[in-house]
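First comes the structure, then the notes that go with it.
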Amino acid sequence: MNNSDKIRKVAIVGYNRIPFARANTAYAKVGNQDMMVAALNGLIEKHKLQGKLLGEVAGGAVIKHTYDSNLIRECVMKTSLNPATPACDLQQACDTGIESAIYIANKIALGQIESGIAGGVDSISDIPMAVSENLRKVLLDARKEKSLGGKIKQFFKLRPKDFTPLVPRNEESQTGLSMGGHTEITAKYYKILREDQDNLALKSHLNMAKAYDEGFFDDMITPFQGLDKDNNLRRDSTLEKLAKLPPAFDKTNGTLTAGNSTPLTDGASCILLASEEWAKEHGLPILAYITFAEVAAIEYVKKQQNLLLAPLFAASRMLDKAGLTLQDFDYYEIHEAFAAQVLATLKIWESPELSKELGLKKSLGAIDKNKLNVKGSSLAAAHPFAATGGRIIGVMAKLLNEKGSGRGFISICAAGGQGITMIIEK
């Protein structure tokens with residue numbers, strides 16, 4: 001399968017996304033295809049890819065309709081890319097965007113393709129709704145009947161409750177708990193204080209507001225549906241305002257609130273990856289390289305505090321393979337699904353006792369928190385599940401390109417007790 005004598009370097013040469021929007025706001029009347037096509041078209045325009053035949057486009061959505069079953073290929077066909085460009089759908093909950101990048105990067109590294117786009121999209125506003133199981137069965141049975149009388153006889157089996165629509169539930173099927181419910185358990189288990197969570201949330205908003213003011217996102221975002229900035233960003237956020245918000249999951253003794261947790265969100269993002277040769281041939285700058293990545297999973301049914309802690313295992317294995325320590329990085333991007341999950345991760349890294357209890361070989365130590373999420377992260381931008389990976393990779397690549405050298409560490413947790421870490425270098 002390897003078309004070259006050695007593993008090739010994988011370059012990040014472009015990025016683009018649309019602004020992220022809280023569910024049922026700016027993108028309330030559009031769906032996954034509209035958003036993904038907008039993100040892809042922005043990338044195509046920036047890098048003059050019109051008519052280009054790329055190796056592959058990969059991505060996906062966590063929540064999608066049945067007519068989105070071939071989502072990414074349908075989106076490619078609606079852009080100005082050469083229609084012979086193949087595409088595939090991937091899905092790994094909140095890891096979807098970064099897992100798509102690994103998929104494309106591996107094909108480039110092995111010499112199977114020269115270039116490709118990885119991305120992700122999610123619409124909570126355009127959420128699919130299903131019919132009840134009894135209504136589904138009656139409709140199928142009525143379809144089999146050949147006479148009108150037979151069809152009517154089947155319909156008499158229906159009851160009023162059968163007409164209640166079913167919407168996807170934001171919970172783990174194994175436990176019946178939402179991500180927030182699990183993270184509330186994490187916060188209690190690791191004694192993560194409400195004040196510390198609010199402080200992290202505030203810092204995310206302030207860092208992102210400053211980044212917008214400095215023009216950092218100017219070449220990273222394509223305006224869409226009248227929106228040119230993430231509408232979850234709260235420039236006027238203060239600790240006092242955050243402290244007034246009620247608990248969102250454990251209404252009595254909880255510390256997670258709407259302010260220190262990510263809201264349901266719509267959005268799309270994508271990144272352009274290539275071999276060094278392809279980038280040079282097409283006059284595209286090499287912003288940074290993807291050098292290592294690791295995927296991990298963790299048991300979270302018996303130990304419900306574990307749901308979003310799988311990246312701890314991915315980080316440990318990845319750093320061993322790379323021959324690096326956690327301190328060998330210029331920037332850190334830890335996806336802020338919840339402030340409590342980020343703080344628990346940092347606390348475990350710093351504690352030999354907690355690391356051992358979790359099952360890690362050793363503690364990785366503390367990081368310089370001034371290097372963490374320096375342009376704001378998910379608490380400010382919000383979190384359209386499959387789109388977060390592309391946003392974070394794009395930010396890290398730009399940070400390293402502007403610095404001119406260095407290393408970046410990325411960590412993204414996901415539903416189902418999974419997680420991915422990645423190293424990006426310049």
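Just so you know, these numbers come straight off a predicted model, no measurement behind them. Sequence positions, counted from 1, serve as the residue numbers for this chain. Values below: all heavy atoms of this structure, side chains included; hydrogens, waters and symmetry mates excluded.
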- Task: Evaluate the criterion side chain to side chain donor-acceptor pair (under 3.5 Å) for residue pair Thr325 and Asp328; output intermediate values, then yes/no.
- Result: CA-CA 5 Å; Thr325 71; Asp328 292 335; 3.2 Å; yes

- Message: Run the side chain to side chain donor-acceptor pair (under 3.5 Å) test on Arg22 and Asn231 for me, step by step, so that the C-alpha distance in whole Å, both residues' side-chain angles and the decisive distance to 0.1 Å come before the verdict.
- Response: CA-CA 7 Å; Arg22 281 175 167 261; Asn231 71 6; 5.4 Å; no

- I would like to know whether Asp330 and Lys426 meet salt bridge (Lys or Arg N to Asp or Glu O under 4.0 Å); could you show each step before the answer? CA-CA 11 Å; Asp330 299 275; Lys426 175 72 174 181; over 6 Å; no

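Salt bridge annotation for Lys78-Glu74: absent, with no cationic side-chain nitrogen under 4.0 angstrom from a carboxylate oxygen.
Side-chain contact between Ile424 and Tyr331 is absent, with no heavy atoms from C-beta onward closer than 4.5 Å.
Rounding to the nearest 0.5 Å places NE2 of His182 at 10.0 Å from CG of Asn306. Considering OG1 of Thr79 and CD1 of Ile44, their distance stands at 3.5 Å, rounded to 0.5 Å. We find the CD-CG distance between Glu114 and Leu53 to be 11.5 Å, quoted to the nearest 0.5 Å. Annotation: the span from Ile290 atom CD1 to Ile410 atom CD1 amounts to 7.5 Å, rounded to 0.5 Å.
A donor-acceptor contact closer than 3.5 angstrom links the side chains of Thr388 and His383. For the residue pair Asp68 / Gln33, a side-chain donor-acceptor distance below 3.5 Å is found, with atom types taken as modelled. Residues Gln304 and Thr175 have side chains that never bring a donor and an acceptor to within less than 3.5 angstrom of each other. Side chains of Arg317 and Thr421: a donor-acceptor N/O pair is absent below 3.5 angstrom, by distance only. Under the 3.5 Å distance criterion, with hydrogens and angles disregarded, no donor-acceptor pair is assigned to the side chains of His65 and Asn32.
The 12-atom threshold is exceeded at CD of Gln50, counting heavy atoms of other residues, nucleotides or ligands nearer than 6.0 Å. More than 12 heavy atoms of other residues, nucleotides or ligands lie within 6.0 Å of NZ in Lys46, so this atom counts as buried by the packing criterion.
Aromatic rings of Trp349 and Phe409 (six-membered ring for Trp) have centroids within the 6.0 Å cut-off, being under it.
For Glu281, there are no salt bridge (charged side-chain N to carboxylate O under 4.0 Å, His left out) partners at least two apart in sequence or on another chain.
Both tests pass for Lys375 against the ring of Phe216: distance under 6.0 Å to the centre and angle within 45° of the axis.
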